[in-house]
Amino acid sequence: MLPLRPLTVGELLDAAVTLLRTHGRVLLPVAAVLAALEQALLAPLRRSADAQPPAYLPDSDLLSLYWLLLAVGAATEMTIIVLLGGLTSRAAAASVLGQPVPASRLIDPRGARWGRVALVAAVTGAAMFAAALAGPAWFAVYALLGLVAPAVVLDRLGPGRALVRSAGLACRAGLRAGGVRVLGYLAWLAIRVALGFGAVAALDALSLDRPQWTGLLSAVAWLLVNTLAYPTLACLDAVLHLETRMRTEGLDILLSRARHHGRLAPDLLALAR
């Protein structure tokens, strides 16, 4: 169960990993499917940009195509994380309420608002694509719009209001939520980059650095690390949403009082705003 109090950054990261470990049976397979679709989408763009596996470094003569590849990759990442946020939000709500949630309930379409989650995922993905084309602006989009799925699922908002709500929560307490979200992304980006360069050494050590092996094994390596990274970041979004509401809206006080009086119910997460 998530603590009913504001958390430190370290506690937020730990809570996200704990949430993934608790509900990994559902989150990891869904993330694997989405990550596989992403790899299939990026494969022709990598060939066009002549980005060779396993590190997929740029060709100096095709930098414009490589920039497009990076923008599409950023957009797909944002879209996948928001889509997974629809699941992790329900898991985090059950955790903070102290109510165990089986896998069947987590993926139950009733009350999940999948249509709205898919819509905001598409909108944030498009915004990330445009921002990534502009360079460093993607940091702002990632920081401000990452809490949109919890706003849809937990706060029961429509897509437009959820986007505004996400940006508002991210800016509170000196952009704390937005900063933590970017920090979590950069941490996993470092892990993925390390894996890419580590794969070069591994393939060379195993004498598998041949074209027919390099592409396949690199795709598998990226698929595996993204299958773990994406749901972890989505768990961080759900936990961060609830923690920001505890820190700035007194959600922890309301839930504690409700629990004390025996009135604890999932809809209190929406009524507490």
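Sequence positions, counted from 1, serve as the residue numbers for this chain.
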A.B. asks: Run the side chain to side chain contact (heavy atoms under 4.5 Å, CB included) test against S166 and tell me which residues pass, sequence neighbours left out.
C.D. replies: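 For S166 the side chain to side chain contact (heavy atoms under 4.5 Å, CB included) partners, ignoring immediate neighbours, are L147, V148.
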A.B. asks: Would a 4.5 Å heavy-atom cut-off, applied to side chains only, mark L186 and L189 as touching?
C.D. replies: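 Yes, close enough: below the 4.5 Å cut-off.
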A.B. asks: I need the full list of ring-ring contact (aromatic ring centres under 6.0 Å, His included) pairs touching residues 149-191, with sequence neighbours left out, sorted by first then second residue.
C.D. replies: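 Qualifying pairs: W138-Y185, Y142-Y185.
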A.B. asks: Is the shortest heavy-atom distance from the side chain of V96 to the side chain of M246 under 4.5 Å?
C.D. replies: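 Result yes, sub-4.5 Å side-chain heavy-atom pair found.
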A.B. asks: For R247 and L7, which heavy atoms make the closest approach, and how far apart are they?
C.D. replies: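 It is NH2-O, 2.9 Å.
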A.B. asks: Do L20 and L228 have side-chain heavy atoms sitting under 4.5 Å apart?
C.D. replies: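 Side chain of L20 against side chain of L228, heavy atoms only: contact under 4.5 Å found.
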A.B. asks: State, with a plain yes or no, whether a side-chain heavy atom of R21 is found less than 4.5 Å away from one of T18.
C.D. replies: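 Yes, at least one pair of side-chain atoms sits under 4.5 Å.
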A.B. asks: Side-chain contact, heavy-atom cut-off 4.5 Å: L27 with C235?
C.D. replies: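 A side-chain contact under 4.5 Å exists here.
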A.B. asks: Check whether any side-chain heavy atom of S95 sits under 4.5 Å from a side-chain heavy atom of T22, and report yes or no.
C.D. replies: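 No; the side chains remain at least 4.5 Å from each other.
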A.B. asks: Tell me, please, which residues at least two apart from A167 pass side chain to side chain contact (heavy atoms under 4.5 Å, CB included).
C.D. replies: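 Per chain and number, A167 pairs via side chain to side chain contact (heavy atoms under 4.5 Å, CB included) with L144.
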A.B. asks: Just so I know, are the side chains of M78 and L145 near enough to count as touching, which here means a heavy-atom distance under 4.5 Å?
C.D. replies: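 Yes, side chains in contact.
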A.B. asks: Would you please name every residue forming a side chain to side chain contact (heavy atoms under 4.5 Å, CB included) with L41, sequence neighbours left out?
C.D. replies: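 Partners of L41 under the side chain to side chain contact (heavy atoms under 4.5 Å, CB included) test: V72, T76.
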A.B. asks: Below 4.5 Å, heavy atoms only, C-beta onward: do T88 and D237 meet side chain to side chain?
C.D. replies: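 Counting from C-beta outward, T88 and D237 never come under 4.5 Å.
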A.B. asks: Listed by chain and number, what are the side chain to side chain contact (heavy atoms under 4.5 Å, CB included) partners of D50, not counting sequence neighbours?
C.D. replies: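 Once residues adjacent in sequence are excluded, the partners of D50 under the side chain to side chain contact (heavy atoms under 4.5 Å, CB included) criterion are Q52, D59, L62.
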A.B. asks: Please set out all donor-acceptor pairs under 3.5 angstrom arising from side-chain atoms of residues 112-136, sequence neighbours excluded.
C.D. replies:
residue : atom : partner : partner atom : Å
R113    : NH1  : V152    : O            : 2.8
R113    : NH1  : R156    : O            : 3.4
R113    : NH1  : L157    : O            : 3.0
T124    : OG1  : V120    : O            : 2.8
T124    : OG1  : A121    : O            : 3.0

